[in-house]
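As a basis for the values below, the full set of heavy atoms in this structure was taken, side chains included, without hydrogen atoms, waters or symmetry mates.
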Amino acid sequence: MPDSYNPAYVETAWYEWWVKSGFFKPEYAGEDFRDPSREKFVIVIPPPNVTGSLHLGHALTEAVQDAIVRWHRMKGKVVLWNPGCDHAGIATQVVVEKKLWKERKLTRHDLGREEFVNEVWKWKEEKGDRIYHQLKKVGGSYDWDRACFTMDPKLSRAVLEAFVRLHEQGLIYRSVRLVNWSCTLRSAISDIEVDKKELTGRTLLSVPGYQEKVEFGVLVFFAYKLEDSEEEVVVATTRIETMLGDTAVAVHPDDERYKHLHGKFLRHPFVDRRMPVVCDDFVDKNFGTGAVKITPAHDVNDYEVGVRHNLPFINIMTDDGNISDECGQFAGMKRFEARKAVLEALKAKGLYRETKDNPMVVPMCSRSKDVIEPLLKPQWYVDVKDMSAKAVEAVESGELKIIPDMHVKIWNNWLENPKDWCISRQLWWGHRVPAYFVTINDSSVPPGKDTDGEYWISGRTEDEARQKAAKKFNIPEDKISLRQDPDVLDTWFSSGLFPFSIFGWPEQTPDLETFYPGTLLETGHDILFFWVARMVMLGQTLMGKLPFREVYLHAMVRDAHGRKMSKSLGNVIDPLDVINGISLEDLHKRLFDGNLDEKEVQKAMEGQKEDYPKGIPECGTDALRFALVAYTQGRDINLDVLRVQGYRFFCNKLWNATKFAVNGLGENFIPIPTAELSGKEREMDMWILSRLSFAVEQSNKGFETYDFPTATTAVYNFWLYELCDWYLEYLKPILYGSDEDAKTVCRNVLYTCLDTGLRLIHPFMPFVSEELFQRLPRRTNNEPPSICVMPYPEVKQYPWRNIELESDVEFVQNVVKSIRSVRSDYNLTPKMKADVYLKCLDEETASVLRTHPDLIKALSSADDVHILVKEIPPKGCAVQTVSAKCETHLMLKGLIDIGKEIQKLEGKKEKLGGQVTKLREAATTADYHTKVPEHVRQQNAEKLNELTIEIEKLARAIETLAKI
C-alpha cells in the first residue's frame with residue numbers, strides 16, 4: 001500500500017470496473033430479477049439539463065441518491081437507478097443561438113427552423129455528454145445502458161401520446177391568458193425560470209437591448225380627466241408605459257371620495273378611448289389615491305378585473321417588446337424608451353403629478369436577464385383541478401409519503417388552489433405541439449380563429465389529425481388544410497412523464513411492467529411543485545398509478561455564511577474543483593466565463609479571496625460526498641467547502657488504520673468463516689464489538705428513516721474515535737508481543753471491525769472503501785468480487801451491544817484524557833514517562849480501573865499506574881479531577897526542571913496576555929461596532945474567550961509547580 005491516502009490514485013480505476021462488471025444493473029441480481037416476488041428498489045435521476053455542468057446542488061443530489069441506492073443494493077434487492085438528461089428547451093436554444101452568433105454572426109431566423117434544430121442536435125452530440133462524465137466522476141451507480149434523453153425517439157413518442165390522450169379527454173385545452181413573456185427569447189417561460197429581484201426604491205437596471213440602464217422602483221402619479229369635464233382622477237403605476245393599454249379605472253364601491261363618479265367615463269389622453277370608472281372590492285382604499293388604473297392585457301390583477309367587468313383587453317406590445325401600432329405617437333418604440341416618452345408626454349399635457357420611491361419586486365428571466373412582461377397569448381393549458389385533488393388525496397391517505405413531512409403543508413397549499421398549467425413555449429428546440437389548426441374549404445362551415453380551441457385537432461400524425469377533423473366537421477378530407485402549431489411543449493411536460501416514458505410507454509414493455517411504479521423520488525424541495533407534483537399528476541392520470549411511494553426532499557446547499565449560491569457573490573463552486581483542488585487565481589478566471597459585469601466580477605473576486613485565500617485544496621470525491629450527506633437535514637445546508645478537507649483527512653485515517661491493521665494481521669492471516677466469538681475475547685475486544693454493533697444499528701436506522709447525519713456520525717465515530725483512537729492503540733502491545741493466542745483473538749476481532757466498518761461506510765465513500773476492501777483477505781472463496789455487491793451489515797448479525805461495559809470503558813477513557821491533558825499542560829513528551837496515581841473514592845470505582853491498568857499505561861505514556869482507595873498519593877504530583885469519585889495524580893517531581901518550566905509557562909502567559917490586551921483595546925475603539933464586520937467581531941470574541949481560558953490554565957499550572 002502507498003504510504004498515504006491519495007484521492008486521485010484511489011478514484012482512478014474503480015468506476016470503470018464497476019460499470020464493466022455490470023454491478024449497477026438490475027440484471028446482476030439474478031436471472032429472476034423481473035420476478036414480481038423479488039423486492040425491488042427503483043429510482044430515477046432528476047434529469048439534469050443537457051447544457052449543464054455539475055454544481056454543488058447536483059453533487060448533493062447525487063451523493064444522497066447514490067448512498068441510498070448502494071445501501072439498497074447491498075441489502076440484496078433488485079436495484080435500478082435510471083439515469084437521463086433533459087433537453088432543456090430554453091437553456092439549450094440560448095446556448096446554441098449564442099454559439100451561432102459568436103462563430104458565424106447568424107441568428108436562428110437566418111438559418112430557419114429545420115436547419116437550426118439540426119445545429120442543436122450537432123451541439124448535443126458534441127457537448128451533451130459532459131454532464132454524464134461529471135456524474136460518473138462523483139461515483140453515481142447508475143445503469144448507464146438505460147440512460148435516456150428526453151428528445152430520444154422513445155421518450156418523444158411518450159410525449160406525443162400523452163398530449164393527444166389528454167387533449168382527447170379535454171384535459172388539455174387552448175385559451176388566451178396572461179403568461180410570463182421574455183421579449184429577448186420571444187417565448188413564454190415557466191414560473192421557476194423567473195427570478196424575483198427585490199428593490200428597496202429607485203434603481204437603474206441593465207436590460208438586454210438597451211444601452212442605457214432603465215429606471216425601476218418608482219411610483220409615477222398622473223391624472224385622467226373626466227369625459228366632458230376638467231375634474232380628474234389621479235392614479236399611480238410602476239410601469240407608466242402600460243397606461244397605453246388602460247381600459248378603466250377601478251375604485252372601491254364604499255369609497256366616499258369617488259361615489260359621484262360611479263358609471264362615469266374618463267378620456268385617454270393619447271388614443272381615442274373612453275374608459276369607465278368601475279367599482280371593485282379588490283381596490284385598497286388606503287393605498288395611494290384609492291383609484292387604480294386597469295390594464296387587463298398586461299397585469300395579472302387587472303386581468304381578473306377586466307374579466308369581471310367585461311373590459312376590452314388591449315395588447316400594447318409586440319413579441320419582441322416594441323410598442324404596437326395601435327398606440328399612436330408611441331408606435332414602434334422599444335417599451336422602455338416608451339416609458340420615458342410617455343412620461344414626457346404626460347408632463348407636456350399637464351397630467352403628470354409626482355414620482356415617489358417604491359419598494360418592488362421586478363420579475364427577471366433567469367435565462368436572458370430580460371424583464372418579464374405579462375402578455376396575453378393563446379396557449380395550450382393542462383386542466384389540473386382534478387389531478388391536483390387526487391395528488392393531495394394520495395398524501396392525505398398515506399399512499400404517497402413526503403419526507404420530511406414539513407413539506408406536506410407546501411404541497412397542499414399549491415395543489416389545493418391550483419392554476420391550470422401553461423405548456424406552450426415559443427421555441428424551436430423541444431417537442432413540437434402535436435396540434436393542428438383546421439382550415440376548411442367549404443362555405444357551409446364558418447372559418448375559425450386561432451384562439452378558438454374548437455378549430456384545433458391533435459394527432460399522433462398529420463394524417464390522423466386530418467381524419468379526426470374530417471369526422472368532427474363532417475367534411476371530406478380533401479377539403480381540409482392543416483397548420484401545425486409552431487410552438488413546443490414546456491420542458492416540464494416531458495419531465496413529468498419521465499418515470500414511465502423511460503421504460504417505453506405507451507408500449508407495454510417488460511421494463512415498464514417490472515420497474516413501474518418506482519420506489520422513491522429524491523430531489524431538492526425547490527422543485528416539489530414544478531416536477532414532483534406533475535409526475536404524480538401525470539402518473540395517476542395516464543398510468544392509473546403513483547410513479548413512486550415516497551418522496552424525500554433534501555436540503556438546499558448554501559455557502560458557509562448561509563447565503564444562496566450566486567455567481568455575483570463568487571460562492572458558486574464546481575464540485576470538481578473541490579474534488580481536484582483549484583488555486584485562487586484559477587477560481588478568479590472562472591468568473592470571466594459567465595455573464596457578470598465588471599463590478600460584479602470584482603465583488604465576486606473579493607468574496608472568493610475572503611473565503612478561499614489559498615484556493616481550495618484537493619479533497620477527493622469520497623470526502624465531498626461524505627460532507628454533503630453528513631449535513632443533509634432541515635431546509636438548508638450551510639456548507640463550508642474547506643470543512644470538506646476535514647473528511648479528506650478522515651480518509652487518510654481510514655487508509656493508515658487499514659494499512660496498520662493489514663500489517664498487524666500478517667500475510668498468512670485467514671479470517672474465520674463467520675463473525676463469531678471464540679470465548680477468549682478480552683474486555684476491550686468486547687467493547688469495540690459493542691461499539692461496532694451500535695454503529696451497525698445506527699447506520700441502518702439512518703438509512704431507513706432518511707436521517708443521514710445519524711448514519712454518517714455513527715460510522716465516522718466508530719472509525720475515528722473508537723477503532724483508531726482506542727482499539728488500535730490497545731492492540732499494539734498485543735500484536736508486538738509474544739502471546740499467540742491473544743494475537744489470534746484480537747486479529748479476528750480486528751478483521752471483523754475492518755470488514756464491517758468498510759461495508760458500513762461504502763454507500764458514502766465508495767472509492768476508498770473499495771480500495772481498502774480489496775486489500776483484505778476474504779472469509780470464504782465464494783464472496784462477491786466487489787464491496788458494492790457485498791451484503792450490508794444487519795443488526796441481528798451483531799448482537800454484542802453491552803451498555804454497561806461501554807460505560808466502564810468510557811470512564812477509563814476519561815481517566816486517560818485527564819492524564820493526557822495534564823501532560824500537555826506541562827509540555828511532557830511521550831518519552832518522558834511519569835508515574836500515575838489514580839485516587840478513587842471507593843472500591844467499586846477502583847475495580848473498574850483495575851481491569852485496565854495496561855491500557856491506561858499504554859495510552860497515557862505512564863511509567864506505572866497505581867490505583868489507590870485509602871492510600872494518599874505522594875507529594876510532587878499535578879492533580880486533575882476526572883469525576884466525583886476519581887482524581888489523577890501525575891508525578892512531576894524529578895521529571896522536569898521546576899524553575900525552567902515555571903519560567904517557560906510565565907513567558908507563554910505573558911505573550912497570551914499581550915494578545916488579550918490588543919483584542920480588548922480594539923473592541924473599545926469608538927467605531928469598532930460600525931466599521932468591523934459582525935463575523936470578525938464574533939471571531940474576536942471567541943478568540944478572547946479561548947485566550948482567557950488558556951491563561952487561567954497556565955496560572956493553575958504555575959501555582960502547582962511552585963508548590964512542588
[X], [atom1]: over 12 other non-hydrogen atoms inside 6.0 angstrom:
X: K105; atom1: NZ; answer: yes
X: D272; atom1: CG; answer: no
X: E114; atom1: CD; answer: no

Just by distance, do the side chain of [X] and the backbone of [Y] share a donor-acceptor pair under 3.5 Å?
X: T289; Y: V234; value: yes
X: H298; Y: I316; value: yes
X: Q426; Y: A188; value: yes
X: N322; Y: T318; value: no
X: E62; Y: A59; value: no
X: T247; Y: P312; value: yes
X: Y381; Y: V384; value: no

Ring-face cation contact, Y436 with R483, 6.0 Å cut, 45° max: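 Relative to the ring axis of Y436, which defines the angle, R483 lies outside at least one limit.
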Between [Y] and [X], is there a side-chain heavy-atom distance shorter than 4.5 Å?
X: P418; Y: M537; answer: no
X: E115; Y: E119; answer: yes
X: F282; Y: V305; answer: yes
X: K609; Y: L584; answer: yes
X: N180; Y: D191; answer: yes
X: V292; Y: V249; answer: no
X: P269; Y: Y224; answer: yes
X: E198; Y: V361; answer: yes

Electrostatic pair D485:R174 at N-O distance under 4.0 angstrom: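 Salt bridge between D485 and R174, a charged N being under 4.0 Å from a carboxylate O: yes.
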Nearest atoms (heavy-atom pairs only) where [X] meets [Y]:
X: T355; Y: Y352; value: OG1-OH, 2.7 Å
X: T242; Y: T295; value: O-CG2, 3.3 Å
X: W429; Y: A88; value: CD1-O, 4.3 Å
X: V433; Y: Q484; value: O-NE2, 3.0 Å
X: L427; Y: G89; value: CD1-C, 3.8 Å

All salt bridge (charged side-chain N to carboxylate O under 4.0 Å, His left out) counterparts of [X], not counting sequence neighbours:
X: R108; result: E97
X: K377; result: D319
X: D490; result: R425
X: R177; result: none

W421 and F493 aromatic ring geometry - parallel, tilted or perpendicular at 30°/60° bounds: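 The rings of F493 and W421 sit tilted, inter-plane angle from 30° to 60°.
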Evaluation steps, side-chain contact (heavy atoms from CB on, under 4.5 Å), between L591 and Q608: CA-CA 10 Å; L591 297 172; Q608 288 179 339; 3.5 Å; yes
ring-ring contact (aromatic ring centres under 6.0 Å, His included) partners for W456, two or more places apart: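 Counting only residues at least two positions away or on another chain, W456 forms a ring-ring contact (aromatic ring centres under 6.0 Å, His included) with W380, F437.
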Quick check for you: to the nearest 0.5 Å, what is the distance between [X] atom [atom1] and [Y] atom [atom2]?
X: L553; Y: T523; atom1: CG; atom2: OG1; result: 7.5 Å
X: L155; Y: L497; atom1: CG; atom2: CG; result: 8.5 Å
X: D195; Y: M364; atom1: CG; atom2: CE; result: 8.0 Å
X: L244; Y: N315; atom1: CG; atom2: CG; result: 11.5 Å
X: T238; Y: K356; atom1: OG1; atom2: NZ; result: 14.5 Å
X: I314; Y: L376; atom1: CD1; atom2: CG; result: 11.0 Å

For N301, all residues meeting side-chain hydrogen bond (donor to acceptor under 3.5 Å, both in side chains), sequence neighbours excluded: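 N301: no side-chain hydrogen bond (donor to acceptor under 3.5 Å, both in side chains) contacts found.
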For E326, side-chain hydrogen bond (donor to acceptor under 3.5 Å, both in side chains) partners two or more places apart: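 Only S324 meet the side-chain hydrogen bond (donor to acceptor under 3.5 Å, both in side chains) criterion with E326.
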Test log, rule side-chain contact (heavy atoms from CB on, under 4.5 Å), inputs D357 and V218: CA-CA 4 Å; D357 268 24; V218 295; 4.3 Å; yes
Could you tell me which residues satisfy side chain to side chain contact (heavy atoms under 4.5 Å, CB included) with [X], sequence neighbours excluded, listed by chain and number?
X: K589; answer: E585, D586
X: L106; answer: R104, D110, L111
X: V50; answer: C85, T92, W123, K124, F149

N/O donor-acceptor pairs under 3.5 Å from side chains in residues 333-342, not counting sequence neighbours:
residue, atom, partner, partner atom, Å
K334, NZ, G209, O, 2.5
R335, NE, E373, OE2, 2.7
R335, NH2, D370, OD1, 2.9
R335, NH2, V371, O, 3.1
R339, NE, E241, OE1, 2.9
R339, NH1, E215, O, 2.8
R339, NH2, E241, OE2, 3.1
K340, NZ, E212, OE1, 3.0

side-chain contact (heavy atoms from CB on, under 4.5 Å) between L415 and F529, intermediate numbers included: CA-CA 8 Å; L415 295 177; F529 174 70; 3.9 Å; yes
D246 and its side-chain hydrogen bond (donor to acceptor under 3.5 Å, both in side chains) partner, picked from H268, K293, R273: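 Output: one option passes, namely K293.
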side-chain contact (heavy atoms from CB on, under 4.5 Å) between Q134 and H55, worked out: CA-CA 10 Å; Q134 291 176 314; H55 54 65; over 6 Å; no
Of all pairs that satisfy ring-ring contact (aromatic ring centres under 6.0 Å, His included), the ones with a partner from residues 92-113, not counting sequence neighbours: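 Residue pairs passing ring-ring contact (aromatic ring centres under 6.0 Å, His included), neighbours aside: H109-W428.
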Chi angles and distances behind the side-chain hydrogen bond (donor to acceptor under 3.5 Å, both in side chains) call for T150, S494: CA-CA 7 Å; T150 50; S494 53; 4.6 Å; no
